[in-house]
Amino acid sequence: MQSFDEIRDYAKNVLSQKRFLHTLSVADEAKELALLWGADCEKAYFAALLHDIAKEIPFEESKEILKKAGLPTDFIRPLIHGPVAAYMAREKFGICDEDILNAIRYHSTGRTGMSVLEKIIFVADFTEPNRLYTDSKEVRELSRKDLDAAMLLQCDRCIKFLIDTGKIVNTLTVDLRNSLIKQQKRGKDK
Ligand SMILES: [Fe+2]
Ligand SMILES: [Fe+2]
């Protein structure tokens, strides 16, 4: 497995400056959340450094990478970079930890039954301080008090934005939202 420094250098070389700064900021945010919610800080840092590593690979090339690896290729343009980054994390950087790989793979969509590490990367990607919109600040504040409530708010805001702008909503995100609502309801019924 490669070191933090090697991965950071690689990210710096392949990403625009803005996205590289976003990556470093997600890594800091993820480390803070990991400390708070009892996840492994090192794993959180690795996952965050790698989460957008494939973001600037052209769409057709991304599909080709997945196809050659025998992996599903039916992703829309904005969502293909997660699965490609997870593939690269294993093949190029020697990361075999499934939790780190899943955190990378599902960082944009989320999914039901996420581990704490997956939740942290999903939320940190949305709340890192370079994201200046109000939604992100609200989710960030909530993530310090209740991580699942923060994820639910994030899902709500993202899904609403996608609907308002006429974009596709991934069913994994809808399933995640529904599972969080059910979980919240179960908590209240106790
Ligand atoms: Fe991303
Ligand atoms: Fe990101």
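One-based numbering, in listed order, for ligands and for the atoms of each.
- As for His81, its N/O/S atom nearest the Fe ion (ligand 1) is the one called NE2.
- Here the angle centred on the Fe ion (ligand 2), running from NE2 of His22 over to NE2 of His51, is 100°, rounded to 10°.
- Per residue Asp52, closest N, O or S atom to the Fe ion (ligand 2): atom name OD2.
- Salt bridge absent: Glu98 and Lys43 never bring a charged side-chain N and a carboxylate O closer than 4.0 Å.
- Side chains of Leu24 and Arg8 form a contact here, defined as non-hydrogen atoms less than 4.5 Å apart.
- Residue contact annotation: Asp125 places no N/O/S atom under 2.8 Å from the Fe ion (ligand 1).
- At a cut-off of 3.5 Å, with distance as the only test, no side-chain donor of Asn170 or Thr109 sits close to an acceptor on the other residue.
- Aromatic pair Phe93/Phe46: centroids not less than 6.0 angstrom apart.
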